[in-house]
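Here you go, one structure.
Lettering of chains follows the sequences in order, A, B, ..., and the numbering in each one begins at 1. Reckoned from all heavy atoms, side chains included, excluding hydrogens, waters and symmetry mates. Just so it is clear, the structure is predicted and the values come from calculations on it, not from any experiment.
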Amino acid sequence: GEDVEQSLFLSVREGDSSVINCTYTDSSSTYLYWYKQEPGAGLQLLTYIFSNMDMKQDQRLTVLLNKKDKHLSLRIADTQTGDSAIYFCAALGTGFQKLVFGTGTRLLVSP
Amino acid sequence: DGGITQSPKYLFRKEGQNVTLSCEQNLNHDAMYWYRQDPGQGLRLIYYSQIVNDFQKGDIAEGYSVSREKKESFPLTVTSAQKNPTAFYLCASIPTSRGAGNTIYFGEGSWLTVV
């Protein structure tokens, strides 16, 4: 079945770029999502990309999709302390529409 | 306004008892999902359903059961067979019909504590 993997932790300085990586196993995944979760809060959709796209940019966020390697990344430009949170990627498969989340990457931004 | 409603928000259960968590959506979405989130961890898929009267096991289905008798409802029963049921449970839905968009909608979650 679908498996989605992320590195557990990333630490950057304020103003630097952050790159959070995700790999998935189901090559037929149609949509891939990035969510942000702050402590004690729910999941906030940041962006998503459809599988026929290679890149999507939305203000400070850039999503890159490498379908051959089944690799998804989220780049946050000019990272701020308010970006400190856990970031989850998720992949939606075809067929029975299985939606699987990664384990989350904890981003810590230091001043 | 359309959305997903989960209830109850907080629930205490004695060991050995079954408990049912409600998830209702008025978004006319086809696919619905149940996840479990433990402190400091990600969302793990329990069950999911693409259409009425059909559902599939997720990665951690043991000790749980679901039904999908109506499109808008997808209740989750946490049975006494679930070894470690204390967790935060999250329901989600997405539209799957063509052109309907792809945004995942989440309920506010249910905190289950077994005492």
- Query: Between B/Ile104 and A/Phe101, which heavy-atom pair has the shortest distance, and what is it?
  - Reply: CD1-CZ, 4.4 Å
- Any chance CD of A/Gln44 has more than 12 other-residue heavy atoms, nucleotides or ligands included, within less than 6.0 Å? yes
- For B/Gln37, is it the side chain, the backbone, both or neither that has a heavy atom under 4.5 Å from a heavy atom of chain A? side chain
- Message: Applying salt bridge (Lys or Arg N to Asp or Glu O under 4.0 Å), can you list everything that pairs with B/Asp38, at least two apart in sequence or on another chain?
- Response: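 Only B/Arg36, B/Arg44 meet the salt bridge (Lys or Arg N to Asp or Glu O under 4.0 Å) criterion with B/Asp38.
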- Query: Checking ring pair (Phe, Tyr, Trp, His ring centres under 6.0 Å) for the pair B/Phe106/A/Tyr35: CA distance, chi angles, key distance, verdict?
  - Reply: CA-CA 12 Å; B/Phe106 290 96; A/Tyr35 277 83; 5.4 Å; yes
- Message: A quick test of your reading: do over 12 heavy atoms of other residues, nucleotides or ligands sit less than 6.0 Å from CZ of B/Phe88?
- Response: yes
- For A/Phe9, does the CZ atom sit with more than 12 other heavy atoms under 6.0 Å from it, leaving out its own atoms? yes
- Task: Below 4.5 Å from any heavy atom of chain A, which atoms of B/Leu45 appear? Answer side chain, backbone, both or neither.
- Result: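 Side chain of B/Leu45 only, per the 4.5 Å heavy-atom cut-off to chain A.
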- ILVMFWY network linking A/Leu61 to A/Trp34, side-chain heavy atoms under 4.5 angstrom: yes
- Region of B/Tyr35 that comes under 4.5 Å of a non-hydrogen atom in chain A: side chain
- Task: Take atom CZ of A/Arg106 as the centre, draw a 6.0 Å sphere, and report whether it contains more than 12 heavy atoms from other residues, nucleotides or ligands.
- Result: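 Incorrect, the count does not exceed 12.
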- Item | B/Ile94 portion near chain A, given a 4.5 angstrom heavy-atom threshold | side chain
- Query: Around B/Gln17, counting heavy atoms of other residues, nucleotides and ligands shown, do more than 12 lie under 6.0 Å from its CD?
  - Reply: yes
- Task: Go through the atoms of A/Leu8 and report whether side chain, backbone, both or neither lie under 4.5 Å from a heavy atom of chain B.
- Result: neither
- Residue part contacting chain B, namely of A/Gln6, when any heavy atom lies under 4.5 Å: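 Neither part; nothing is under 4.5 Å.
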- Message: Taking every non-hydrogen pair under 4.5 Å, which of A/Thr103, A/Ile86, A/Thr30 racks up the most with chain B?
- Response: A/Thr103
